[in-house]
Amino acid sequence: MKNLKMTSLMMTKYGNINETLEFQKVSIPTISPKQILIKTKAASFNPLDYKIIRGDFKSVRKIDFPKGIGRDVSGIVEKIGPGVENFKVGDNVFSRISEEHVGTMAEYVVSNESDVSLMPSNLNFIESASIPLAGLTVYQSLVDIAKLSAEENILIYAGSGGVGTIAIQLSKHLGAYVTATTSTNNVDMVKSLGADKVIDYKKQSFVDDNLKYDVVYDTLGGQHTVDSF
């Protein structure tokens, strides 16, 4: 596929998301021995993406425009490097690609084999593409950092969000007692995910109960962080 072109959504500058993105023709990426070329079926935006577009992180890492966008992808293995051992052409896969390969809003995506998983048979491409970055965020937070364990009490903010929905399910899988906050419209949905207690923040503040938690998963920041302590 060398020198062949594909369509990719590219960032052209910092600013408003409606003014900074455009579709461009770029070269289909080549792969190294331990990499996989994925034919994209679905990709997802995360808050990280629009914050990067807005320029929130340019003091940390500047972008050379134009630049691809998107870190989550699901699709079909198009090609594998000679060192790839666990995948074959035609496999349905999903991935949170590494930062050097950012650009999943494209017809083809390259990913390191170590960043790829086979797609669960009970999920479709769209569902699978929504999981990697949010799922890894939750796993790293609750398992690697907080070391959440059975019988511990955890408070999860924004239980109906992408991170929150996964955090509830993983916390229950680990055996924790889960309290989650959400708005009135999403109370039933959050309960269905396994939350033991749901606080409708439209009607009540979590501080009203004056309860203590072993872990507070704060994805909101600001005053919520102060109140958490």
Exercise. When Phe206 is tested against each of Tyr217, Tyr201, Tyr157 for ring pair (Phe, Tyr, Trp, His ring centres under 6.0 Å), which residue passes?
Worked result: Tyr157
Exercise. For the side chain of Thr104 and the backbone of Asp72, is there at least one donor-acceptor N/O pair under 3.5 Å apart?
Worked result: yes
For this session: Given side chain to side chain contact (heavy atoms under 4.5 Å, CB included), test Tyr108 with Thr40 step by step and report yes or no.
Result: CA-CA 5 Å; Tyr108 293 93; Thr40 303; 5.6 Å; no
Problem set entry | Electrostatic pair Asp49:Arg54 at N-O distance under 4.0 angstrom | no
Problem set entry | Any donor-acceptor pair under 3.5 Å from Asp200 side chain to Lys202 backbone | yes
Exercise. Going through the distances and angles, do Val110 and Ile97 end up as a side chain to side chain contact (heavy atoms under 4.5 Å, CB included)?
Worked result: CA-CA 8 Å; Val110 61; Ile97 63 172; over 6 Å; no
Problem set entry | Side chain Ser95, main chain Asp115, donor-acceptor under 3.5 Å | yes
Problem set entry | Within 6.0 Å of CZ in Phe57, more than 12 heavy atoms from elsewhere | yes
Problem set entry | Test item: Pro66 and Gln24 side chains (from C-beta on) under 4.5 Å apart, heavy atoms | yes
For this session: Taking all non-hydrogen atoms of both residues into account, name the closest pair between Gly103 and Val109 and its distance.
Result: O-CG2, 3.8 Å
Exercise. Is Asp218 reaching over with its side chain to a backbone N or O of Leu220, donor-acceptor style, under 3.5 angstrom?
Worked result: yes
Problem set entry | Ser205 side-chain N/O to Val207 backbone N/O, donor-acceptor pair under 3.5 Å | yes
Problem set entry | Identified side-chain contact (heavy atoms from CB on, under 4.5 Å) partner of Ile154 from the options Val178, Asp214, Val216 | Val178
For this session: Decide yes or no for Ile76 and Asn92: does some side-chain heavy atom of the first lie under 4.5 Å from some side-chain heavy atom of the second?
Result: yes
Exercise. In this structure, are over 12 heavy atoms from other groups packed under 6.0 Å from Phe65 atom CZ?
Worked result: yes
Exercise. Side-chain heavy atoms under 4.5 angstrom apart, residues restricted to Ile, Leu, Val, Met, Phe, Trp, Tyr: same cluster for Ile131 and Leu48?
Worked result: no
Problem set entry | Sidechain-backbone polar pair: Lys62 side chain, Ser59 backbone, donor-acceptor under 3.5 Å | no
Exercise. Sub-3.5 Å donor-acceptor pair from the side chain of Gln35 to the main-chain atoms of Ser32, do we have one?
Worked result: yes
Exercise. Does NZ or CZ of Lys58 lie under 6.0 Å from the centre of the six-membered ring of Tyr14, at an angle within 45° of the ring axis?
Worked result: yes
For this session: Report yes if some heavy atom in the side chain of Thr184 is under 4.5 Å from a heavy atom in the side chain of Lys203; otherwise report no.
Result: yes
For this session: Would you check if the side chain of Asp91 reaches a backbone N or O of Val77 as a donor-acceptor pair within less than 3.5 Å?
Result: no
Problem set entry | Full working for side chain to side chain contact (heavy atoms under 4.5 Å, CB included) between Tyr177 and Lys197 | CA-CA 8 Å; Tyr177 183 91; Lys197 179 179 178 180; 4.1 Å; yes
Problem set entry | Rounded distance [0.5 Å steps], CD in Gln223 versus CG in Asp227 | 4.5 Å
Exercise. Is any NZ, NE, NH1 or NH2 atom of the basic residue among Arg71 and Glu99 found under 4.0 Å from an Asp or Glu carboxylate oxygen of the other?
Worked result: yes
For this session: Side-chain contact test, heavy atoms from C-beta onward, threshold under 4.5 Å: evaluate it for Val26 versus Lys5 and give yes or no.
Result: no
For this session: Run the salt-bridge test on Lys88 and Glu85 with the 4.0 Å N-O cut-off and return the result as yes or no.
Result: no
Exercise. Considering all heavy atoms of both residues, which atom of Phe125 and which atom of Met119 are nearest to each other, and what is their separation?
Worked result: CD2-SD, 3.4 Å
For this session: Look only at the side chain of Thr182 and the backbone of Gly159, and say whether a donor-acceptor pair between them is shorter than 3.5 Å.
Result: no
Exercise. Taking Lys34 for the side chain and Gly83 for the main chain, is one N or O donor matched with an acceptor at less than 3.5 Å?
Worked result: yes
Give every donor-acceptor pair under 3.5 Å between a side-chain atom in residues 162-176 and any protein atom, sequence neighbours left out.
from   : atom 1 : to     : atom 2 : distance (Å)
Thr165 : OG1    : Gly161 : O      : 3.0
Thr165 : OG1    : Gly162 : O      : 3.1
Gln169 : NE2    : Thr165 : O      : 2.9
Ser171 : OG     : Ala167 : O      : 2.7
Lys172 : NZ     : Ala176 : O      : 3.4
Lys172 : NZ     : Asp196 : OD1    : 3.1
Lys172 : NZ     : Asp196 : OD2    : 2.9

